[in-house]
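Residue numbers begin at 1 in each chain, while the letters A, B, ... track the order of the sequences. Note that the structure is predicted; figures quoted are calculated from it, not measured.
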Amino acid sequence: MSARENKDTTYKIQVMRDILAKKLTRSVVGSLVACVHCGMCNEACHYVLTHPDEPKMTPSFKADQLRKLFKYNYDWTGRVIPWWVGAKEPLSDADLEALKDIAFGTCTNCRRCTLNCPMGVDTATLNRIMRGLLSAVGVMPEGVRVVSKDQWEVGNQMGVLKEDYLETLDWMSEELVNEVGDESARIPIDKPGTEVMYTINPREAKYDPRTIAAAAKIFWAAGESWTMPSEGWDQTNFGLFSGDDQLGGASARRVYEKMKELGAKRLVISECGHGYRSTRCEGPNWVGIDQDWEMESSVFTMLRYLQEGRIRVDRNKLDRRTTYHDSCNLARSCGITEEPRELLRMVSNDFVEMVPNRAENFCCTGGGGAMSMSEYTPRRLKSAKVKADQIAATGAKIVVTSCHNCVDGLSDLIKHYKLGCEVKQLVELVADALVIEDCAVMRKSKAVVEMPKPALPLHGRRILVVDDEPDVRVFLRTVLEDAGAEIYEAPDGDHALAMARKHKPDLITLDLSMEGKDGVSTFAELRSDAEIAGIPVCIVTGHPEFRELIYQRAVPVPDGYMDKPVKDAELVDNLHRILGLAEHHKAPD
Amino acid sequence: MPAHEPSPFLHAVEITHWLALGVMVVVYTLRIRWLLSFRATRDRQRPSNSHRTDARRGAYYSLANVLMPWAMESTRRGFAFYMTFALFHLGVVAGISLAFLSTVARPFLRHPVVSATILGLLFAAFAIGLYRIGRRLLRPVMKLISTPDDYFSIVMLTSWFFLGILTELSIISRLAGEGYAVGYLLLTSFFLLYVPFSKISHYLYYPFTRIWLGRTLGHRGTYPLVKG
């Protein structure tokens with residue numbers, strides 16, 4: 001090693017020491033000093049199980065890389081006789097590269113070993129810290145470097161530009177509006193004061209926008225007041241993978257600040273394991289603020305909508321066997337195991353558990369940022385054999401998961417091991433299973449349709465129906481009441497005149513051929529009485545020959561004339577027109 | 001303090017053994033102070049699954065984990081290994097009891113039930129110690145993660161169990177002479193001085209690591225684990 005290289009390496013080691021000092025909390029130090037090298041964590045790791053001839057895959061060996069550095073600088077024995085307890089510092093760039101290979105290439109930080117350690121050693125956290133130390137001196141896989149840079153500079157880990165993001169939302173809005181035929185289904189952007197602000201994984205905007213449309217459909221169906229932000233929409237956080245707490249804090253803060261700026265009451269995080277853990281669990285710690293607002297996974301949101309009856313689903317729409325893959329970050333680090341199952345059972349008739357499951361589930365092998373580290377792909381796919389066997393044993397045709405990393409990791413291994421199934425997220429299944437007619441949005445719109453009684457053509461009009469045939473009166477009453485009118489009835493002329501004087505109706509329908517005082521005489525009297533002469537009259541008769549008799553009278557002609565049998569719509573239209581004309585004539589010039 | 005009639009040399013060894021215990025207590029106190037000198041953290045996010053758990057419940061569950069072999073896959077599937085772990089640590093308890101009782105209540109150690117229990121546990125622990133030495137030497141994974149401290153600790157502990165068996169046998173007069181007791185107490189004294197600087201002090205950290213992990217995972221709704 002040249003003097004220059006030596007100087008560089010020395011500087012890097014010093015930086016690593018400085019950062020390690022900042023990361024040494026009580027629980028971290030506890031994990032560093034408590035390991036007894038018993039090997040119990042060994043078979044918890046999918047890398048170990050699939051690489052039986054490579055002892056370096058064992059979790060305690062991975063954690064020991066940080067432990068060596070710690071002991072060398074902090075442990076009493078390690079500082080005096082380092083070789084006795086394995087205390088050691090990296091000495092060259094080659095050592096740092098070897099550490100990179102261990103910390104990034106042989107561990108997905110799935111935390112399965114942590115839950116299987118009798119001493120409570122959090123090996124996954126120690127590995128993340130080692131990643132953080134290496135990242136701080138620029139030693140990391142190229143994929144991690146690029147993604148971290150995008151998240152720092154562009155504001156999201158896939159470098160999706162704002163215009164492209166908004167265009168994608170617009171595109172999804174168009175598709176959804178076309179699908180449901182309702183303009184209000186459009187995705188709201190930066191709408192202030194909503195109940196929900198919805199954040200996503202950039203993968204959704206870039207590669208899989210159908211999950212955005214699916215979520216939008218559910219929000220629309222539930223009648224939710226919601227919005228997506230134009231910025232601060234990336235809930236994912238490569239700080240979790242690279243071990244860079246500063247990036248973690250900056251990314252989480254973007255989301256929190258946007259939410260507060262918009263005044264949304266609740267942050268709903270789309271189905272994303274590390275996104276949820278970063279935003280909901282680690283984010284407040286990284287940012288250094290106490291959570292004083294609502295945050296939840298969209299799994300909880302969808303489940304609540306179903307429980308509250310805001311949306312309804314038909315589980316018979318899905319006719320293939322499903323199984324559920326627990327994301328490590330959700331199940332082991334955030335305690336989400338039951339809600340996704342409850343939701344899945346609502347949309348799937350044939351659900352079978354994967355074994356093991358919940359917090360004991362095996363990693364999809366795409367976690368910890370592994371999907372961005374192409375140099376380790378062959379090793380990752382080899383380690384995926386455990387997961388492939390788990391899936392194959394279920395006989396499921398759909399593997400459901402609530403994590404985007406898992407979607408990619410599982411899809412990759414399903415293809416590699418030719419399992420013949422597909423991966424879906426709950427949001428897609430729920431959206432597909434929606435019974436729109438029974439959802440809140442339709443109940444709301446039905447209420448709007450029923451409301452406009454004012455818009456009925458004869459709403460509020462008082463009409464006197466005069467006819468000697470009871471059946472005809474019932475018919476007319478029914479049609480006119482349906483059109484919104486208030487009806488009085490009279491079976492003959494005398495009653496008609498009396499009621500007209502008493503109620504002063506807006507209009508009179510008058511039969512001509514009646515027993516007692518017939519319609520012609522009644523009409524003449526109506527028009528002769530100044531008190532009721534102005535009431536519009538529509539003749540409804542089965543005797544057109546009487547028409548002439550009416551027109552021979554020296555009184556103003558009737559306002560309308562219809563021959564029996566009359567059609568409902570024509571009757572309503574005619575009366576509506578007569579009343580409109582009458583008002584027009586009454587109106588002052 | 002010694003309540004029997006030992007030789008002056010054995011008496012001196014017994015005193016040394018008690019002094020070593022005092023030193024260990026002091027060093028352990030310093031160790032805990034050192035551990036607690038690091039920054040304490042707390043989760044700032046709201047609790048999860050608060051309808052069924054919290055940080056306190058998580059801590060209790062985590063602390064009791066050692067008594068629940070069904071709780072972890074590693075102990076559930078490796079139940080035989082778990083039993084060796086249990087017997088090995090019971091052997092340690094028997095060995096410590098033997099060391100201290102031999103100096104203050106030697107007649108008690110001659111009680112048939114007591115002597116049979118101590119001998120049985122020490123013998124089991126000795127056998128397990130031999131197995132563990134072999135496992136550490138022969139299994140590539142164990143070799144890879146083992147340090148000189150790991151080898152030394154297991155070899156010394158196994159030797160200590162063996163000496164303990166001989167000492168108990170001499171106390172119940174199956175073997176003649178004080179040599180076993182002297183050797184045993186000297187080795188115990190050495191352990192008392194060495195343990196705080198070695199991996200054997202893991203039991204000191206056990207409650208801390210388990211409670212801290214349990215509090216975190218309880219607050220986040222993971223502990224106690226929900227089984228399918």
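Distance SG/Cys38(A) to CE/Met142(B): 7.0 Å, rounded to 0.5 Å. Distance check, rounded to the nearest 0.5 Å: NE2 of His37(A) to NZ of Lys199(B) gives 7.5 Å. A distance of 8.0 Å separates CZ in Phe85(B) from CE in Met40(A), rounded to the nearest 0.5 Å. For the atom pair CG of Asp292(A) and CZ of Arg46(B), the computed distance is 7.0 Å after rounding to the nearest 0.5 Å. The CG atom of Asp43(B) sits 10.5 Å away from the CD atom of Gln291(A) when rounded to the nearest 0.5 Å.
Panel note: side chain Thr77(A), backbone Phe197(B); a donor-acceptor pair is recorded below 3.5 Å. Without hydrogens or angle criteria, Thr222(B) side chain to Gly335(A) main chain gives a donor-acceptor distance under 3.5 Å. No donor-acceptor distance shorter than 3.5 angstrom exists from the side chain of Gln45(B) to the backbone of Pro284(A), with no hydrogens or angles considered. Side-chain atoms of Arg39(B) come within 3.5 Å of backbone atoms of Lys22(A) as a donor-acceptor pair (strictly under, hydrogens ignored).
Proximity to chain B is absent for every atom of Ile81(A), based on heavy atoms less than 4.5 angstrom apart. Interface residue Cys117(A): only backbone heavy atoms are found under 4.5 Å from chain B. Neither the backbone nor the side chain of Arg67(A) comes within less than 4.5 Å of any heavy atom of chain B. Of the atoms belonging to Leu225(B), it is side-chain heavy atoms, and not backbone ones, that fall under 4.5 Å from chain A. In this structure, the portion of Glu339(A) lying under 4.5 Å from any heavy atom of chain B is its side chain and not its backbone. Heavy-atom distances place no part of Lys68(A) under 4.5 Å from chain B, backbone and side chain included. If you measure heavy-atom distances from Tyr151(B) to chain A, you find no contacts under 4.5 Å at all. At a 4.5 Å heavy-atom cutoff, the contact between Thr337(A) and chain B is made by side-chain atoms alone. No part of Leu204(B) comes within reach of chain A, as not one of its non-hydrogen atoms sits under 4.5 angstrom from that chain. At a 4.5 Å heavy-atom cutoff, the contact between Ile145(B) and chain A is made by backbone and side-chain atoms alike. The contact between Arg358(A) and chain B is made entirely by side chain atoms (from C-beta outward), counting heavy-atom distances below 4.5 Å. For Thr58(A), the part sitting under 4.5 Å from any heavy atom of chain B is the side chain, from C-beta outward, and nothing else. Contacts of Asn285(A) with chain B are made by both backbone and side-chain atoms, with heavy-atom separations under 4.5 Å. With a 4.5 angstrom heavy-atom cutoff, Pro207(B) does not touch chain A via any of its atoms. For chain B, no part of Trp286(A) is nearby; none of its heavy atoms comes within less than 4.5 Å.
The existence of a salt bridge linking Arg220(B) and Glu282(A) is confirmed by a sub-4.0 Å separation between a basic side-chain nitrogen and an acidic carboxylate oxygen. Using a cut-off of 4.0 Å between Lys/Arg side-chain N and Asp/Glu carboxylate O, Arg76(B) and Glu360(A) are scored as salt-bridged. Between Arg42(B) and Asp290(A) there is a salt bridge, since at least one side-chain N of the basic residue sits less than 4.0 Å from a carboxylate O of the acidic one.
Here the side chains of Val33(A) and Trp34(B) are in contact, with some heavy-atom distance below 4.5 Å. The shortest side-chain heavy-atom distance between Pro356(A) and Glu73(B) falls under the 4.5 Å cut-off. Proximity of Met72(B) to Pro118(A): side-chain heavy atoms (C-beta onward) are separated by under 4.5 Å at one or more points. Side-chain atoms of Phe38(B) and Thr25(A), non-hydrogen and from C-beta on, never get closer than 4.5 Å to each other.
By the 30° and 60° cut-offs, the orientation of the rings of Tyr194(B) relative to Trp84(A) is perpendicular.
The side-chain tip of Arg31(B) points at the ring of Trp76(A) from less than 6.0 angstrom away and within 45° of straight on.
Defined by atom type and a distance below 3.5 Å, a donor-acceptor pair is present between the side-chain atoms of Arg280(A) and Ser48(B).
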_Evaluate Arg26(A) against Thr41(B) for side-chain contact (heavy atoms from CB on, under 4.5 Å), listing each step before the verdict._
CA-CA 8 Å; Arg26(A) 286 180 188 174; Thr41(B) 53; over 6 Å; no
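Comparing Leu115(A), Val355(A), Val287(A), Val121(A) by heavy-atom pairs within less than 4.5 Å of chain B, the highest count is held by Leu115(A).
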